[in-house]
Amino acid sequence: MTSTERTKEIRKALKAEGYNTKEVSVRREHLGYDDYITVTIRKPDIKSADIAEIVKPFEQIHRNEWDGDKIMAGCNTFVNVVYAEDFAGQTIDDKMNEATKLWSKSDEDNSFYIRPGVRLCSSTFKFVKRDGSINGKVMSSIEELADWLARYDYAH
């Protein structure tokens, strides 16, 4: 299945579950040798976990089983669920309590899962890292972590 076909199938799956394009939109980008499909939630009352459950089966990640299951470069399709900018602030406020607890825990434990396949790591700085990725998203404050939880809470 091509990434364009995969994007169409995601739209069909969302429609079959009762979501329309005003509530949830789907966009595909090709970067390097991989495809990135972004599913944007446009209504604050839609839970990202519900959308992630529908779209995650369309993600295709190739792993190198001989090298600790690291993600291989090329031919991957990553699917992320994000919230639209226009109400993300409301959601960030909702995530501050969780972000504060995770931030404190990272002071004690230098690497732990905050979502399936996603770690919060702490060394000289804190960063969110997806399993198999080389680099992560650096977090400079609790507010930035809450922002990440609100916008990219694709597996919760």
Side-chain angles (χ1 to χ4, degrees), residues 6 10 13-14 17 19 23-156:
R6 192 179 309 271
I10 289 173
L14 289 166
E17 292 294 325
Y19 297 102
E23 296 171 323
V24 181
S25 64
V26 181
R27 179 177 49 93
R28 180 188 70 87
E29 290 181 80
H30 184 77
L31 299 170
Y33 297 106
D34 295 315
D35 288 307
Y36 295 84
I37 297 174
T38 303
V39 180
T40 303
I41 300 171
R42 302 197 175 284
K43 285 185 69 181
D45 58 331
I46 296 175
K47 294 185 190 276
S48 62
D50 296 340
I51 301 300
E53 188 176 320
I54 297 166
V55 302
K56 278 302 173 184
F58 294 96
E59 187 169 62
Q60 183 179 31
I61 300 174
H62 298 93
R63 296 186 182 273
N64 183 345
E65 61 188 60
W66 299 282
D67 192 18
D69 266 353
K70 290 185 179 173
I71 295 175
M72 297 174 70
C75 300
N76 296 304
T77 301
F78 299 96
V79 179
N80 290 310
V81 176
V82 299
Y83 286 101
E85 291 287 328
D86 51 352
F87 63 85
Q90 301 165 30
T91 312
I92 292 167
D93 291 342
D94 296 340
K95 297 290 183 180
M96 278 302 291
N97 194 24
E98 180 183 3
T100 302
K101 289 177 185 175
L102 292 171
W103 196 266
S104 296
K105 184 176 178 182
S106 69
D107 290 334
E108 301 163 11
D109 188 351
N110 67 349
S111 179
F112 60 94
Y113 283 99
I114 59 174
R115 299 286 183 267
V118 181
R119 294 179 157 285
L120 179 61
C121 304
S122 180
S123 55
T124 54
F125 54 89
K126 295 176 185 2
F127 58 99
V128 172
K129 180 178 172 183
R130 196 163 178 186
D131 278 355
S133 66
I134 296 170
N135 299 316
K137 165 87 171 112
V138 176
M139 298 287 141
S140 60
S141 66
I142 296 170
E143 292 78 15
E144 193 169 356
L145 179 57
D147 178 72
W148 184 89
L149 291 169
R151 295 176 198 271
Y152 302 98
D153 193 5
Y154 56 84
H156 190 339

What I'd like to find out is whether the side chain of [X] reaches to under 4.5 Å of the side chain of [Y], using heavy atoms alone.
{"X": "Trp148", "Y": "Val118", "answer": "yes"}
{"X": "Val55", "Y": "Val26", "answer": "no"}
{"X": "Asp34", "Y": "Phe78", "answer": "yes"}
{"X": "Leu120", "Y": "Asp109", "answer": "no"}
{"X": "Arg27", "Y": "Thr40", "answer": "no"}
{"X": "Lys137", "Y": "Glu144", "answer": "yes"}

Straight-line distance of [X] [atom1] to [Y] [atom2], nearest 0.5 Å:
{"X": "Arg28", "Y": "Thr38", "atom1": "CZ", "atom2": "OG1", "result": "11.5 Å"}
{"X": "Ile37", "Y": "Arg6", "atom1": "CD1", "atom2": "CZ", "result": "6.5 Å"}
{"X": "Ser48", "Y": "Asn80", "atom1": "OG", "atom2": "CG", "result": "11.5 Å"}

message: Using modelled atom types and a 3.5 Å cut-off, is there a donor and acceptor pairing between side-chain atoms of Arg42 and backbone atoms of Ser25?
response: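 A pair under 3.5 Å: no.
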field: Where Ala99 and Leu145 come nearest, the two heavy atoms and their spacing
entry: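 Smallest heavy-atom distance, with atoms named: O-CD2, 3.6 Å.
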query: Between Ser111 and Cys121, what is the shortest heavy-atom contact and its length?
result: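 Looking at all heavy atoms of both residues, the closest pair is OG-SG, 3.7 Å.
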field: Asp107: partners by side chain to side chain contact (heavy atoms under 4.5 Å, CB included), with sequence neighbours left out
entry: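 For Asp107, the residues satisfying side chain to side chain contact (heavy atoms under 4.5 Å, CB included) (neighbours in sequence not counted) are Lys126.
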query: Got a sec, which residues hit side chain to side chain contact (heavy atoms under 4.5 Å, CB included) with Glu17, two or more places apart in sequence or on another chain?
result: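 Checked Glu17 against side chain to side chain contact (heavy atoms under 4.5 Å, CB included); matches are Tyr19, Ile54.
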field: Salt bridge present between Lys56 and Glu59 (N-O < 4.0 angstrom)
entry: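 Looking at Glu59 together with Lys56, the answer is yes, because their closest N to O distance falls below 4.0 Å.
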message: Under the side chain to side chain contact (heavy atoms under 4.5 Å, CB included) test against Ile51, which residue among Leu14, Val79, Ile10 passes?
response: Leu14
message: Give me each pair satisfying ring-ring contact (aromatic ring centres under 6.0 Å, His included) with a member in residues 95-124, each pair once, sequence neighbours excluded.
response: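 The answer is none; no pair qualifies.
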